[in-house]
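Below is one structure; the comments refer to it alone.
One is the number of the first residue; the rest follow in order along the sequence. Counting convention: from 1, in listed order, for ligands and their atoms alike.
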Amino acid sequence: MKIVILPGDGIGPETMAATVEVLHAASQRFGLNLALEHDVAGHESLQRHGATVTPALLEKVRAADGLMLGPMATFDFKDESKGEINPSMFFRKELDLYANIRPARTWRGVPHKVDAFDLVVVRENTEGFYADRNIASGRSEMLVTEDVVVSLRRITRACCARIARAAFELARARRKHVSIVHKANVLKVGDGMFIEECRKVAQEFPDVTVDDFIVDAMMAHVVRAPQRFDVIVTTNMFGDILSDLTAELSGSLGLGGSLNMGARHAMGQAAHGSAPDIAGQNIANPFSLILSAGQLLDWHGRRTGQAAYVAAADAIVRTAAAAVEAGESTRDVGGNLGTAETGRAFAKRLLGAEP
Ligand code: NAD
C-alpha cells in the first residue's frame with residue numbers, strides 16, 4: 001500500500017512523525033509492505049510552491065492508495081487567489097471523499113463524565129451547509145446587501161443514498177444499529193429527502209436496526225446515554241458538530257480518529273487542528289492521527305480483501321487502549337511522555353502485540 005504523508009502545520013510535523021513510526025511498526029509486524037511517500041502541504045508548500053496544495057501533489061495522491069493529512073492552519077488560509085487553499089477541503093472535494101467516519105469511545109484510564117460507550121458518527125462530507133464545497137464554482141454564500149446574507153444548503157438524493165450505504169455497511173460490521181440524525185421537522189424537504197433515502201437503503205440491510213432523532217434532541221440523548229448508539233448517520237454540518245461532542249464525551253478530542261473516504265480514495269486526518277499554542281514543544285497528543293492511520297489501513301484492507309491490514313488496524317486500536325491505560329501517553333490524557341516518546345512507546349508495544 002502506497003500512502004502519501006503530508007505533516008501539515010503547527011503540531012502536524014510532531015504528531016505525524018509519531019504516526020509514521022507507528023505505521024512502520026504496523027508494516028513490520030503484519031507484513032504490510034507499506035510505502036510512505038513524504039511531501040508537503042499547508043504553510044510549507046505555500047513557501048516552497050506558492051500554494052498550500054498543488055496540482056502535482058493532487059496527482060501524486062490520486063496515484064497512491066491513501067493519504068495521511070496532518071492538521072492544517074486553515075484559519076490562516078483566506079485568499080485562494082494567493083494560493084491559500086484549505087487543503088482539507090481541497091482533498092475532500094477533489095477526491096470526492098464523501099464520508100467522514102469519526103469513531104468515539106471511552107478509554108480505561110481516561111476520565112469521562114458519561115457511561116462507557118463506543119459509537120461512530122458517519123457524516124456526509126460533500127454538500128449540506130458547506131458553502132465552500134457544495135457548488136461547482138465559487139461559494140454558495142451571497143452578500144445580497146451589506147446587511148443581508150443568503151447561504152445555500154445543498155442536499156441530493158445520490159449523496160444521501162451513498163452516505164446511508166456507508167453507514168449501514170459499517171453497522172453490519174459492528175452492533176448492527178443505525179441512528180439517523182436530522183432536522184426534518186423544519187428542513188422538511190431537504191432532511192425529508194435525507195431520511196427517505198436512508199430508509200430506502202435500510203431495506204437492503206434487514207439485519208440492521210434503524211431509528212431516527214431530531215438533531216437538537218440528539219444532543220441530549222447522546223450526553224445522557226451515549227451507550228445506546230452504535231452508528232449515527234447525518235448531514236454535513238450536524239455531523240461536524242455532533243462528532244466533536246461525541247469525541248469530547250469520550251474524554252478528549254485528542255483521542256478521536258477521523259477518516260474521509262470515497263469510492264476510490266481515503267484520507268486519514270486528525271480530528272483536531274494545528275494547535276499553534278503548543279507547536280514545537282513535544283507535548284501534542286499523537287493518538288488522534290495514529291488512530292486515523294489505523295482507520296486508513298482498515299479501509300484499504302476491507303476494500304481490497306487483505307485481512308492483514310484489518311488485523312493491523314485492530315491492533316492499533318487495542319494498542320492505543322493499552323497504552324492509554326498504562327499511562328504511555330501525553331499529559332493531556334493522563335500520561336507524562338512527550339509526543340515523540342509516546343509514538344516510540346506505541347510502536348514498541350505494537351510490535352509486541354498479538355495479531
Ligand atoms: P485546535 O484543535 O488546533 O486547538 C484547540 C485546543 O486543543 C488548543 O488548546 C490546543 O492546544 C489543543 N489541542 C489540539 N490538538 C491537540 C493535541 N493533539 N494534543 C494536545 N492538545 C491539543 O483548534 P484551534 O486552536 O481553534 O485551531 C488552530 C488552527 O487549526 C486554525 O488555523 C484552525 O482553522 C485549524 N483547524 C484545522 C483543522 C484540520 O486541519 N482538520 C481542524 C480544526 C482546526
Any protein heavy atom sitting closer than 4.0 Å to [atom]?
| atom | value |
| --- | --- |
| atom 26 (O) of ligand 1 | no |
| atom 18 (N) of ligand 1 | yes |
| atom 15 (N) of ligand 1 | yes |
| atom 6 (C) of ligand 1 | no |
| atom 2 (O) of ligand 1 | yes |

[X] [atom1]: over 12 foreign heavy atoms closer than 6.0 Å:
| X | atom1 | answer |
| --- | --- | --- |
| Arg108 | CZ | no |
| Lys82 | NZ | no |
| Arg264 | CZ | no |
| Arg331 | CZ | no |
| Lys78 | NZ | yes |

Which heavy atom of the protein is the closest neighbour of [atom], given with residue, atom name and distance?
| atom | answer |
| --- | --- |
| atom 44 (C) of ligand 1 | Gly273 CA, 3.4 Å |
| atom 29 (C) of ligand 1 | Ser274 OG, 3.2 Å |
| atom 32 (O) of ligand 1 | Phe75 N, 3.0 Å |
| atom 12 (C) of ligand 1 | Ala275 CB, 4.4 Å |

Option from Asp76, Thr52, Asp9 for which side-chain hydrogen bond (donor to acceptor under 3.5 Å, both in side chains) with His43 holds:
Asp76
Between Ser288, Ser292, Ser88, which is the residue that forms a side-chain hydrogen bond (donor to acceptor under 3.5 Å, both in side chains) with Gln269?
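Of all the options given, the one that passes is Ser88.
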Distance filter under 4.0 Å to [X] heavy atoms, resulting ligand 1 atoms:
| X | result |
| --- | --- |
| Pro276 | 28 (C) |
| Pro71 | 40 (O) |
| Ala73 | 32 (O) |
| Met72 | 30 (O), 35 (C), 36 (N), 37 (C), 40 (O) |
| Gln269 | 41 (N) |
| Ala284 | 19 (N) |
| Ile278 | 11 (O), 20 (C), 21 (N), 22 (C) |

With no hydrogens and no angle check, do the side chains of [X] and [Y] hold a donor and an acceptor under 3.5 Å apart?
| X | Y | answer |
| --- | --- | --- |
| Glu127 | Thr156 | yes |
| Tyr130 | Asp240 | yes |
| Ser140 | Asn134 | yes |
| Asn33 | Ser27 | no |

Under a 4.0 Å heavy-atom limit, does [X] contact ligand 1 with its side chain, its backbone, both, or neither?
| X | answer |
| --- | --- |
| Thr74 | both |
| Ile11 | side chain |
| Asn285 | both |

Return yes when Asp277 approaches ligand 1 closer than 4.0 angstrom through a heavy atom, no otherwise.
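Flag set, Asp277 near ligand 1.
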For the residue pair Asp39 and Ile5, establish whether any side-chain heavy-atom pair is separated by less than 4.5 Å.
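With C-beta onward as the side chain, the pair stays apart.
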